[in-house]
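Written out below as structure tokens is the structure these notes cover.
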Amino acid sequence: VSASITLIDPKFSVANQSTFNVTVATDAALTCKYSSPFVKPFADMTAFSETGGTAHKLLNFNLPENGQQYKFYVECSNAEKGNFDLSVDTSPPVITRAVAAPSTVIETPLETILVVESNENATCKYDASFYTYESMGTFFKTADADKVKSNYEKYHEAKITGLSDKASYAYNVSCRNLAQLTSTISRIAFSVDTSVPPAVSEILPASGFATTSKEVNLSVTTNKKSVCSYGNTTEYKESNGNFSLTTVNHQVKLTLEPG
């Protein structure tokens, strides 16, 4: 009889305390044994606390709380073998950054991006109303993202669309790591106000800039998409480069006169 060996618990091979139960499953009824951290002949391995069926449970297994992986070898009475890398993580994930970009939506499209960073691989959820990971309605990634190990990451983002002008919003965020420990709640607030007037946020080169070159790149950044012009007098009539385009980044190469 052939039977694959699957680790059921701890989920994703990471326990959240140093003493924990280990459960493996086979698709046929077998007697299974284990050894750790070194492989041993079947006769020298230790039997699971509960075995003989398709679920095989080891009670009160111990590992150090150092985050290192330890080999856990399994062999069953039909000579089927498997091995897993077990570790312990007793620390909940920490949300190190939680922002909306932009924090104030001032032009169409009326949308923003929630950006969250965690100190370790995690899945994160957000919700405008609920305050616990379990009750939050939306994953940053796909639905049920916490069921797939590859979805656990340190960087998370989600686009929020369909916003209304002259409105304020706030979302609660929580993350869960591979050990199934949950972070504290972070709150991301942002607003929408398209009446904010256009403004220049950066000009390069800065005032006082001196150069021996006859050419210089003028770069102007605005807070919202705008059409800009420039000049060396009080009348700003020039609009070369992309200054005549509706954009936030305006650039042109200028030829300087001596003096």
Note to self: Can you confirm whether Ile185 sits close enough to Thr132 that some side-chain heavy atom of one is under 4.5 Å from a side-chain heavy atom of the other?
What the structure shows: no
Check: Backbone N or O of Glu107 within a donor-acceptor pair of the Lys224 side chain at under 3.5 Å?
Finding: no
Next item on the list: Measure the shortest side-chain to side-chain distance between Pro198 and Asn223 over non-hydrogen atoms and say whether it is less than 4.5 angstrom.
Entry: yes
Margin query: Looking at every heavy atom in both Cys124 and Val116, which two are closest together, and how far apart are they?
Written below: SG-CG1, 4.2 Å
Next item on the list: Check Leu86, Asp85, Val88 against Gln69 for a side chain to side chain contact (heavy atoms under 4.5 Å, CB included) and give me the one that passes.
Entry: Asp85
Item checked: Short side-chain donor-acceptor distance under 3.5 Å, Asp165 and Thr194 -> yes
Item checked: Nearest non-hydrogen partners of Thr247 and Thr222, listed with the distance -> O-OG1, 3.6 Å
Next item on the list: Check for a donor-acceptor pair, side chain of Asn177 on one end and backbone N or O of Ser91 on the other, with a separation under 3.5 Å.
Entry: yes
Item checked: Donor-acceptor contact below 3.5 Å, side chain Ser201 vs main chain Thr221 -> yes
Notebook entry, point to check: For the side chain of Asn242 and the backbone of Gln251, is there at least one donor-acceptor N/O pair under 3.5 Å apart?
Noted result: yes
Margin query: Could you tell me if Arg176 and Thr182 have a donor-acceptor pair between their side chains, going purely by distance under 3.5 Å?
Written below: yes
Next item on the list: Kindly compute the distance separating CG (Asn172) from CZ (Phe130), expressed to the nearest 0.5 Å.
Entry: 10.5 Å
Note to self: Looking at Thr112 and Pro102, would you say the former's side chain and the latter's main chain have a donor-acceptor pair under 3.5 Å?
What the structure shows: yes
Margin query: Classify the ring geometry of Phe140 against Tyr126: parallel below 30°, tilted from 30° to 60°, perpendicular beyond 60°.
Written below: perpendicular
Notebook entry, point to check: Should we say atom NZ of Lys159 is surrounded by more than 12 heavy atoms from elsewhere, each under 6.0 Å from it?
Noted result: no
Next item on the list: Answer yes or no on whether Lys81 is positioned over the face of Tyr73, meaning its NZ or CZ is under 6.0 Å from the six-membered ring centre and within 45° of the axis.
Entry: no
Margin query: Assess whether a salt bridge exists between Arg97 and Glu117, defined as any Lys/Arg side-chain N lying under 4.0 Å from an Asp/Glu carboxylate O.
Written below: yes
Note to self: Check the orientation of Tyr171 and Phe190. Use parallel for under 30°, tilted for 30 to 60°, and perpendicular for over 60°.
What the structure shows: parallel
Next item on the list: Measure the shortest side-chain to side-chain distance between Leu254 and Val252 over non-hydrogen atoms and say whether it is less than 4.5 angstrom.
Entry: yes
Note to self: Is it true that Ser18 and Asn62 share a donor-acceptor pair across their side chains at a distance under 3.5 Å?
What the structure shows: no
Note to self: Other residues, nucleotides and ligands only: do more than 12 of their heavy atoms fall within 6.0 Å of NZ on Lys147?
What the structure shows: no
Item checked: Audit row: Thr46, Lys40, side chain to side chain donor-acceptor pair (under 3.5 Å) steps and yes/no -> CA-CA 10 Å; Thr46 303; Lys40 294 180 180 180; 5.9 Å; no
Next item on the list: Mark yes or no for whether Ser183, through its side chain, and Cys175, through its backbone, hold a donor-acceptor pair below 3.5 Å.
Entry: yes
Check: Quick one: CZ on Arg187 to CD1 on Ile95, what's the gap to the nearest 0.5 Å?
Finding: 13.0 Å
Next item on the list: Ignoring hydrogens and angles, tell me if any N or O in the side chain of Lys141 forms a donor-acceptor pair with the backbone of Glu153 under 3.5 Å.
Entry: no
Notebook entry, point to check: Do you know the tightest heavy-atom contact between Cys76 and Leu30?
Noted result: CB-CD1, 3.8 Å
Item checked: Side-chain touch Val22/Phe84, heavy atoms, less than 4.5 angstrom -> no
Next item on the list: Would you check if there is a donor-acceptor pair between the side chains of Tyr34 and Thr51 at a distance under 3.5 Å?
Entry: no
